[in-house]
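Reviewing the structure listed below.
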2 protein chains.
Amino acid sequence: MENAKKAKPAGLMKSGYHHGDLRAGLIEATRQLVEEKGPDGFSVSDACRLAGVSTAAPYKHFKDKAEMITAMVTEGMVRHRENMLNALEGVPVGTPARVTALGRQYVDFALNEPGVFRLKFGGFTDRLDDPKLQEAGEGTFSIVLREVALCRGETEITPDVRRRGFMLWSFVHGLSFLLADPKLTKLGGEFEIDDILSDLSVRMLAD
Amino acid sequence: MENAKKAKPAGLMKSGYHHGDLRAGLIEATRQLVEEKGPDGFSVSDACRLAGVSTAAPYKHFKDKAEMITAMVTEGMVRHRENMLNALEGVPVGTPARVTALGRQYVDFALNEPGVFRLKFGGFTDRLDDPKLQEAGEGTFSIVLREVALCRGETEITPDVRRRGFMLWSFVHGLSFLLADPKLTKLGGEFEIDDILSDLSVRMLAD
DNA sequence: TGTCAAAGTAAGGACTTCTAACATATAAGT
DNA sequence: ACTTATATGTTAGAAGTCCTTACTTTGACA
């Protein structure tokens with residue numbers, strides 16, 4: 001009787017009933033709104049309008065507004081991590097070019113999804129409390145650390161490797177913020193992002 | 001001419017009427033709220049409560065909420081620029097130590113006033129539209145450029161100087177964001193901010 | 001005393017988040 | 001197939017906050 005209380009046949013997730021997959025739909029709507037109106041220009045009501053459902057619908061999927069937005073950011077960060085891994089494909093192991101490639105992908109995420117990026121890193125983190133989100137962030141950083149270690153000829157994450165990784169992250173992180181704001185970017189004059197990133201990688205991986 | 005009025009003296013330095021200097025009082029209240037509740041945890045009503053005036057009072061001094069918060073951020077950035085200039089005092093001209101000192105002050109501002117810092121740089125800039133604010137920002141960056149030029153033996157802001165300055169800014173900017181968030185800072189392991197900043201200055205000013 | 005800028009009072013009107021009660025489509029069990 | 005349970009959505013609305021404006025009052029100064 002109660003042995004089959006948690007049957008969740010996956011193969012046909014789209015064969016929903018009313019909406020299909022409202023949870024995903026709301027997350028997508030949330031993402032669009034944040035991209036369109038900025039990190040704070042979001043309301044549950046707006047997301048519902050965009051998703052085409054009533055304002056009460058989200059509460060069947062999320063405890064409250066915070067959980068809804070946290071879910072969206074978490075999804076974004078998981079996507080970010082995957083992008084970072086993919087960026088390494090085909091780049092020779094143990095070369096600074098791999099670090100450069102990671103930096104380029106990091107910047108690209110900030111440029112492609114500035115709303116999500118700033119929501120995650122712009123100082124709202126206090127309220128974004130989710131183990132999966134934390135895990136995605138740490139996982140992403142560990143990708144960088146591994147590449148730095150390889151470049152430095154280390155077999156494990158030494159304090160020196162961690163320090164260099166953190167410095168590289170600081171740089172790419174700041175660059176992402178500056179590039180996401182035209183008013184600030186223009187102060188840098190004319191430059192190629194790739195040049196700056198490879199220059200940086202070489203400097204930070206040298207002795 | 002009933003001069004027997006019991007008007008409170010109060011130094012009269014302000015235009016002494018009801019509040020003294022409500023404009024400044026509201027800006028300070030706004031700042032406190034942003035520091036306490038984060039970049040988006042601010043409302044005109046709250047600021048009024050904190051300043052001890054009615055919710056209609058601000059509209060004698062600011063056109064609307066946006067102008068009020070822009071004024072607060074602008075004031076913060078002017079303060080920031082002054083701090084940067086002061087940080088150079090006593091540091092030998094033409095040495096990387098001067099760049100390091102600027103970076104340290106930049107980071108300190110982010111740590112001391114994280115709310116203002118993130119409000120300015122966290123992606124709300126679209127709405128923060130004020131010539132004085134823009135000027136304060138550009139002025140601050142020009143301080144950095146001047147020091148970089150001196151270190152590089154240049155007499156003017158060449159493209160190379162601008163590029164190095166922008167890279168240094170990126171780094172310090174990103175570091176500030178990471179340091180303002182304990183969850184992110186701890187990924188860097190054990191380190192001294194000053195060590196990282198001086199290490200960075202040397203690397204970025206080298207040929 | 002009269003003027004005028006600055007603050008207070010009151011209120012409008014729009015939005016929010018979230019809950020409660022009700023409706024219905026799908027899945028499960030018989 | 002039929003019933004039942006569950007998940008999902010809708011409608012209605014409570015309860016509250018917010019921004020802003022119109023009008024009134026206060027008090028400093030000439």
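Residue numbers start from 1 in every chain, and the chains themselves are labelled A, B, ... in the order their sequence lines are given, proteins ahead of strands.
Other residues, nucleotides and ligands contribute over 12 non-hydrogen atoms within 6.0 Å of the NZ atom of A/K186.
B/S43 has a side-chain polar atom (N or O) that falls below the 4.0 Å cut-off from OP1 or OP2 of D/dC18. Of the side-chain N and O atoms in A/S45, none sit less than 4.0 angstrom from OP1 or OP2 of C/dC15. The side chain of B/H61 contributes no N or O atom lying less than 4.0 Å from OP1 or OP2 of C/dA5.
Residues of residues 50-59 of chain A having a heavy atom closer than 4.0 Å to DNA chain D, listed by number: A/V53, A/S54, A/A56, A/A57.
If B/D46 and A/R23 are placed on DNA chain D by their nearest nucleotide, the residue sitting closer to the 5' end is A/R23. Mapping A/K60 and A/V44 onto DNA chain C via the closest heavy atom, the residue that lands nearer the 5' end is A/V44.
We find that NZ of A/K63 is positioned 9 Å from P of C/dT19, with the value rounded to whole Å. Counting to the nearest Å, the P atom of D/dC18 and the CG atom of B/L33 are 10 Å from each other. Look at CZ on B/R49: it is 14 Å from P on C/dT9, rounded to the nearest Å. A/F62 places its CZ atom 15 Å from the C1' atom of C/dT17, with the value rounded to the nearest Å. As a whole-Å value, the separation of A/E67 CD from C/dT17 C1' is 15 Å. C/dT19 atom P lies 8 Å from atom CG of A/D64, rounded to whole Å. If you take CE of B/M68 and C1' of D/dC18, they are 13 Å apart, rounded to a whole angstrom. Separating the CG atom of B/D40 from the P atom of D/dT17 is a distance of 17 Å, rounded to the nearest angstrom.
Take A/D160 and apply the side-chain contact (heavy atoms from CB on, under 4.5 Å) test, not counting sequence neighbours, and it matches A/R152, A/T158, A/R164. Scanning for side-chain contact (heavy atoms from CB on, under 4.5 Å) contacts around A/S176 gives A/Y106, A/V107, A/A110, A/F117, A/V172, with sequence neighbours left out. In this structure, the side-chain contact (heavy atoms from CB on, under 4.5 Å) partners of B/R162, at least two apart in sequence or on a different chain, are B/F141, B/L145, B/I157.
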> Which is it for A/I196 and A/F171 under the side-chain contact (heavy atoms from CB on, under 4.5 Å) test, yes or no, and what are the steps along the way?
Replying inline: CA-CA 10 Å; A/I196 281 192; A/F171 180 95; 3.7 Å; yes
With a 3.5 Å cut-off and sequence neighbours excluded, list the donor-acceptor pairs that the side chains of residues 24-33 of chain A form with protein atoms.
from, atom 1, to, atom 2, distance (Å)
A/E28, OE1, A/R31, NE, 3.1
A/E28, OE2, A/R31, NH2, 2.9
A/E28, OE2, A/Q32, NE2, 3.1
A/T30, OG1, A/L26, O, 2.7

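Residue pairs meeting the salt bridge (Lys or Arg N to Asp or Glu O under 4.0 Å) criterion with at least one member in residues 69-88 of chain B, sequence neighbours excluded, are B/E75-B/R79, B/R79-B/E113.
As judged by a 4.0 angstrom heavy-atom cut-off over every strand, B/K65 is placed among residues touching the sugar-phosphate backbone only.
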